[in-house]
Amino acid sequence: MDYKYLASLLFPQPLPSADEIEAKYPPRSLPEGAAVTRFAPSPTGYVHFGGLFPTTVDERLAHQSGGVCYLRIEDTDSRREVKGAAEALVKTLAHYGIKFDEGVTETGEVGAYGPYTQSKRAKIYHVFAKRLVEEGRAYPVFSTDEELEEIKTADKKAELKSVDWEADAGARREAMLARRNFTIEQVEQELAAGHKFALFAIAEGDGTRKRKVNDLVRGALELPENDEDIVLLKSDGIPTYHFAHVVDDHLMRTTHVIRGEEWLPSLPKHLQLFSYMGWKPPKYIHISQIMRLDEGGSKKKLSKRDMGANLDDYSRLGYCPLAVTEYVMTLLNSNYEEWRAQNPDKPYTDFPFNVKKMSASGCLFDLHKLDDVAKNVVSRMTADDVYKQFYAWAKEYAPDFASVVDTMGEDYAKSIISIGRGGKKPRRDYGTWVELQSFMKPFYDETFQVEDDYPENTDLHDIKSALEMFAETYDDGDDAGAWFEKIKAICAPLGYCADMKEYKSNADAYRGSVADISMMIRVAVTGRLNSPDLYTVMHIIGAERTLSRVSAMINKL
RNA sequence: GGCCCGUUGGUCAAGCGGCUAAGACACCGCCCUUUCACGGCGGUAACGCGAGUUCGAUUCUCGCACGGGUCACCA
């Protein structure tokens, strides 16, 4: 068969030569060892938590080595495309510190290796597709409009589940072989009839033979050679992922491809295409799925509806983006936590990220762990920083509380946030803005309320007497020592023990201890059974509030 | 069903032929503390099973089991 002629039939429009294209995408001039990575999502919706994993690896690998990390939009499936998804994606990732040097950005496309949107690269794919036809490595498969319609509406997933695998494999193989046989005349006729064609690459592999391939995380893998013809172009002329991946990652000079493990089975296809094209394949890292625990206690894939799957959930719950990033880092490199403990003040980007430390097995999403990381992150922040982030969050997600905060001003809020902050061991009372909001509530009249009841065995008369005595003697000017002496002084008249050690060794002799007296005051002043140090709380809210809350409680009893 | 990947405590995980099998989270207990919390100390808890190689296997090989992925003109 005259492949040159076939190619000219299939691609009649004038195209640049492969060499011309290659010249436009020269090797990058980067320092030795610099990684070029990319995140290549299809714009089908919000960013999944699972998407943050490979992306963080992309970003670290590139920027740690002085390389380039770019964003390419794989919009080759018009059926699934969601409008505005790409923009939302860029914005969300930026929020988590993933900044792209090239590709699709908030301000449009930047970089010399574009376009970075696959739908704009049709001509480039056609150049290389045509070359494969000329070499006798690719052939067309024609479909009528009706058949195409069928392909478009068929629910392949459902179909595949109820298939007779063995019979199907044979039938598919036969059909594949049959498709390879055609004549130039048939092609001419089909084209004349206006039928569209998909372009397939001939598989030369032997499926019964294994080939060693390398994955940077998993090591040497044995995958069967590819013996299935590969769809390069769909009937609409748009490439499949397989072809686009090979062409784009070669031209854009990607050195490391980080992607989900669902791509592992098609790796032989990609390797075969790289070899057909005469290009050097990139290094691969296939990342396992993120799992979650279902109600029954078994592992399930973290799916779209799960809490925590949508990255926007974290914003809503008030996790600061750095907390999420650091959590991802701990999952990616288990020595990250140790490094963090030793380097509490360094930015996470100083951590020497190591691909070899990554785990080949999947990991389970653990909200507890996230909370712990979040507490660490927030405890290390300055009061100023916490205030800014919290206030911005409140404006959006808790506007009522934001206006409550406004009533007392910024400094007041910061004095609350400053409790236990700074020093070598800052307190870790809250890890999210939702938790901080709850922490702050007792400090504002609008949100103060008695939420907790006194412990069951507390004597109401004692409470009343204790509060009355407290109110009589309270002096805003006392220092912490004097203040506590006065609390202790309340004990004896009521038959409570002022000394905890004494009380513990001789509890029966007393009605209670200074701890109980403190609790009586605490609930009156903060409305809760737990609070930060009472003396500190009273001085933040001031004497007036303190005493009015105490008398309100006395009246209530 | 074929093929591929994976399997250390509840979770994330060190380990890479010889260890009392790290650490972190969670859980529990004790201590500190005016309570709770924070903090400190400690505890419960693991190499999926069966062969083989070896003086010796968590570590290497092979089966099996389990989990996951994949088998589209989707990515």
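Proteins get letters first, then strands, A, B, ... in listed order; numbering begins at 1 in each.
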Are any of K234(A)'s side-chain N or O atoms less than 4.0 Å away from OP1 or OP2 of A75(B)?
-> yes
Is Y241(A) stacked on the base of A75(B), with ring centres under 5.5 Å apart and planes under 30° apart?
-> no
Is there a side chain to side chain contact (heavy atoms under 4.5 Å, CB included) between R511(A) and D462(A) once you walk through the steps?
-> CA-CA 9 Å; R511(A) 292 173 65 76; D462(A) 287 356; 2.9 Å; yes
Give a yes/no on whether any side-chain N or O of K210(A) is located under 4.0 angstrom from OP1 or OP2 of C4(B).
-> yes
Can you find a side chain N or O atom of K425(A) that sits less than 4.0 Å from OP1 or OP2 on G40(B)?
-> yes
Classify the side chain of R428(A) and the base of A37(B) as holding, or not holding, a donor-acceptor pair under 3.5 Å.
-> no
Give A169(A) one of three labels, base, sugar-phosphate or nothing, depending on what nucleic acid heavy atoms sit under 4.0 Å from its own.
-> nothing
A75(B) to A51(B) separation - P atoms, rounded to the nearest Å | 49 Å
OP1 or OP2 of U35(B) less than 4.0 angstrom from a side-chain nitrogen or oxygen of R528(A), does that happen here?
-> no
Assign T76(A) to base, sugar-phosphate, or nothing according to its heavy-atom contacts below 4.0 angstrom with the strands shown.
-> sugar-phosphate
Distance-only side-chain donor-acceptor flag, N226(A) / Q272(A), under 3.5 Å = yes
Closest nucleotide of RNA chain B for L221(A) versus for S359(A): which of these residues is on the 5' side?
-> L221(A)
Taking atom types as modelled, find out whether S288(A) and R218(A) have a side-chain donor-acceptor pair closer than 3.5 angstrom.
-> yes
